[in-house]
Amino acid sequence: MQDYIFPIDFTFHIGTLSNDFTAVDADKKTVAYVKQKLFKFKEDVGVYENESKTKLLYNIKADRWIDFSACYSFSDPDGNEFGKIGRKGWASLWKAHYEIFDKNKQVKYTIREENAWVKVLDGLVGQIPIINLFTGLFLNPAYLVINGNNETVVRLSKEKSLVGRRFKVSELKKMKGNDDDIIILSLMMMVLLERRKG
């Protein structure tokens with residue numbers, strides 16, 4: 001994609017029908033516009049240069065229809081796959097757990113929820129009419145990207161906002177090579193999935 005200047009903010013658009021958001025870096029430059037395509041049996045997400053959608057940067061596609069263990073592959077506009085993220089089955093129902101794979105299908109990173117209880121409370125309180133509009137002001141889950149040495153390299157946190165529309169990606173440890181692309185794309189897909197759950 002490009003050199004990222006952290007932190008990166010994901011801001012969801014609440015006035016649109018689709019599940020979409022804009023990613024903006026610390027210099028207020030748009031990094032990407034992410035849009036989940038409507039009416040697809042399998043998840044299909046387009047990552048564009050900006051909201052005009054004139055330049056497609058990446059595609060994210062599910063390998064199967066609805067499944068707790070679905071994988072979502074990343075490919076360039078020519079269809080060349082270079083990584084994927086997979087949800088860790090039933091374990092993700094209680095505490096979010098994803099694995100990030102490189103182009104050789106080797107696990108490079110895992111994403112774990114920092115505190116599962118925050119997510120549980122967020123999901124429960126989020127079912128109460130009217131009050132659910134304000135859960136983003138006091139219940140804010142966070143997710144950690146952990147490398148093979150058990151070091152946290154990136155943290156994604158839900159920021160205080162109405163209807164949970166803002167997330168922040170912070171780099172805690174310098175990422176290696178081109179891993180920043182697969183990590184950022186993984187977090188983009190994960191936040192679409194987790195936000196839908198509450």
Side-chain angles (χ1 to χ4, degrees), residues 1-2 4 6 8-10 12 18-23 31-37 40-48 56-114 116 119 141-158 167-173 175-198:
M1 210 182 277
Q2 59 212 332
Y4 299 101
F6 291 90
I8 296 171
D9 292 314
F10 296 167
F12 278 83
S18 57
N19 197 9
D20 60 339
F21 65 87
T22 302
V31 173
Y33 169 67
V34 181
K35 183 175 182 181
Q36 190 169 22
K37 296 176 185 172
K40 295 281 186 180
F41 286 112
K42 292 183 186 177
E43 302 280 2
D44 191 353
V45 176
V47 180
Y48 302 90
L56 178 69
L57 300 174
Y58 301 108
N59 275 312
I60 305 174
K61 293 190 177 183
D63 64 347
R64 64 193 82 178
W65 197 36
I66 302 166
D67 191 320
F68 288 119
S69 300
C71 280
Y72 306 87
S73 61
F74 313 133
S75 58
D76 63 23
D78 296 323
N80 301 309
E81 188 179 311
F82 60 89
K84 64 176 61 177
I85 180 174
R87 190 169 15 202
K88 195 73 173 158
W90 291 96
S92 288
L93 289 177
W94 161 247
K95 189 174 184 179
H97 188 153
Y98 294 81
E99 292 178 334
I100 300 173
F101 302 85
D102 63 15
K103 64 180 179 182
N104 300 314
K105 298 180 174 55
Q106 299 296 313
V107 176
K108 291 290 296 280
Y109 300 93
T110 57
I111 303 175
R112 296 185 197 138
E113 197 150 3
E114 198 170 52
K119 177 178 156 187
Y143 306 87
L144 306 175
V145 179
I146 300 163
N147 66 17
N149 296 323
N150 209 30
E151 300 167 318
T152 301
V153 293
V154 172
R155 183 178 189 263
L156 178 139
S157 56
K158 184 177 172 186
F167 295 81
K168 185 181 291 296
V169 180
S170 304
E171 184 180 44
L172 306 181
K173 184 178 175 63
M175 291 176 266
K176 295 179 182 176
N178 295 323
D179 286 359
D180 50 357
D181 275 352
I182 62 170
I183 288 173
I184 295 297
L185 289 168
S186 294
L187 292 174
M188 287 174 170
M189 188 65 227
M190 187 208 75
V191 83
L192 287 170
L193 295 168
E194 292 297 315
R195 186 173 182 266
R196 191 170 58 199
K197 293 196 300 187

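The first residue in the sequence is number 1, and the count goes up from there. Atom set for the values below is all heavy atoms of this structure, side chains included, hydrogens, waters and symmetry mates excluded.
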side-chain hydrogen bond (donor to acceptor under 3.5 Å, both in side chains) between Tyr98 and Glu113, intermediate numbers included: CA-CA 9 Å; Tyr98 294 81; Glu113 197 150 3; over 6 Å; no
Closest non-hydrogen atom pair, Gly83 against Ile182: CA-CG2, 4.3 Å
Between Cys71 and Gly86 the two heavy atoms that sit nearest each other are SG-CA, 3.8 Å
Checking [X] now: which residues fulfil salt bridge (charged side-chain N to carboxylate O under 4.0 Å, His left out) with it, not counting sequence neighbours?
X	result
Asp20	none
Lys61	none
Lys168	Asp9

Tell me every residue that passes side chain to side chain donor-acceptor pair (under 3.5 Å) with [X], counting only those two or more places apart in sequence or in another chain.
X	result
Ser73	none
Asn149	none
Glu151	Asn147

[X] side chain near [Y] side chain, heavy-atom distance below 4.5 Å:
X	Y	result
Tyr48	Leu57	no
Glu171	Tyr4	no
Phe12	Val191	yes
Met188	Val45	no
Tyr33	Val47	no
Phe74	Ile184	no

Identify all side-chain donor-acceptor contacts of residues 100-107 below 3.5 Å with residues at least two apart in sequence or on another chain.
| residue | atom | partner | partner atom | Å |
| --- | --- | --- | --- | --- |
| Asp102 | OD1 | Asn104 | N | 2.9 |
| Asp102 | OD1 | Lys105 | N | 3.2 |
| Asp102 | OD1 | Gln106 | N | 2.9 |

Can you name the residues that form a ring-ring contact (aromatic ring centres under 6.0 Å, His included) with Phe82, not counting sequence neighbours? Tyr58
Not counting sequence neighbours, which residues clear ring-ring contact (aromatic ring centres under 6.0 Å, His included) with Phe10? List them please. Phe21
Could you give the distance from [atom1] ([X]) to [atom2] ([Y]), rounded to the nearest 0.5 Å?
X	Y	atom1	atom2	answer
Ile60	Leu192	CD1	CG	7.5 Å
Leu185	Asp180	CG	CG	9.5 Å
Asp181	Met175	CG	CE	9.5 Å
Leu193	Arg87	CG	CZ	5.0 Å
Leu156	Glu114	CG	CD	10.5 Å
His97	Met190	NE2	CE	12.0 Å

Inter- and intrachain pairs under salt bridge (charged side-chain N to carboxylate O under 4.0 Å, His left out), touching residues 73-85, at least two apart: Glu81-Lys84
Given the rule in the salt bridge (charged side-chain N to carboxylate O under 4.0 Å, His left out) test, do Glu99 and Lys108 qualify, once you have shown the distances and angles that lead to the verdict? CA-CA 8 Å; Glu99 292 178 334; Lys108 291 290 296 280; over 6 Å; no
Please name all residues satisfying side chain to side chain contact (heavy atoms under 4.5 Å, CB included) with Thr152, sequence neighbours left out, ordered by chain then number. Leu144, Ile146, Leu172
Checking side-chain polar atoms at under 3.5 Å, does Tyr72 have a donor or acceptor matched by the opposite partner on Asn59? no
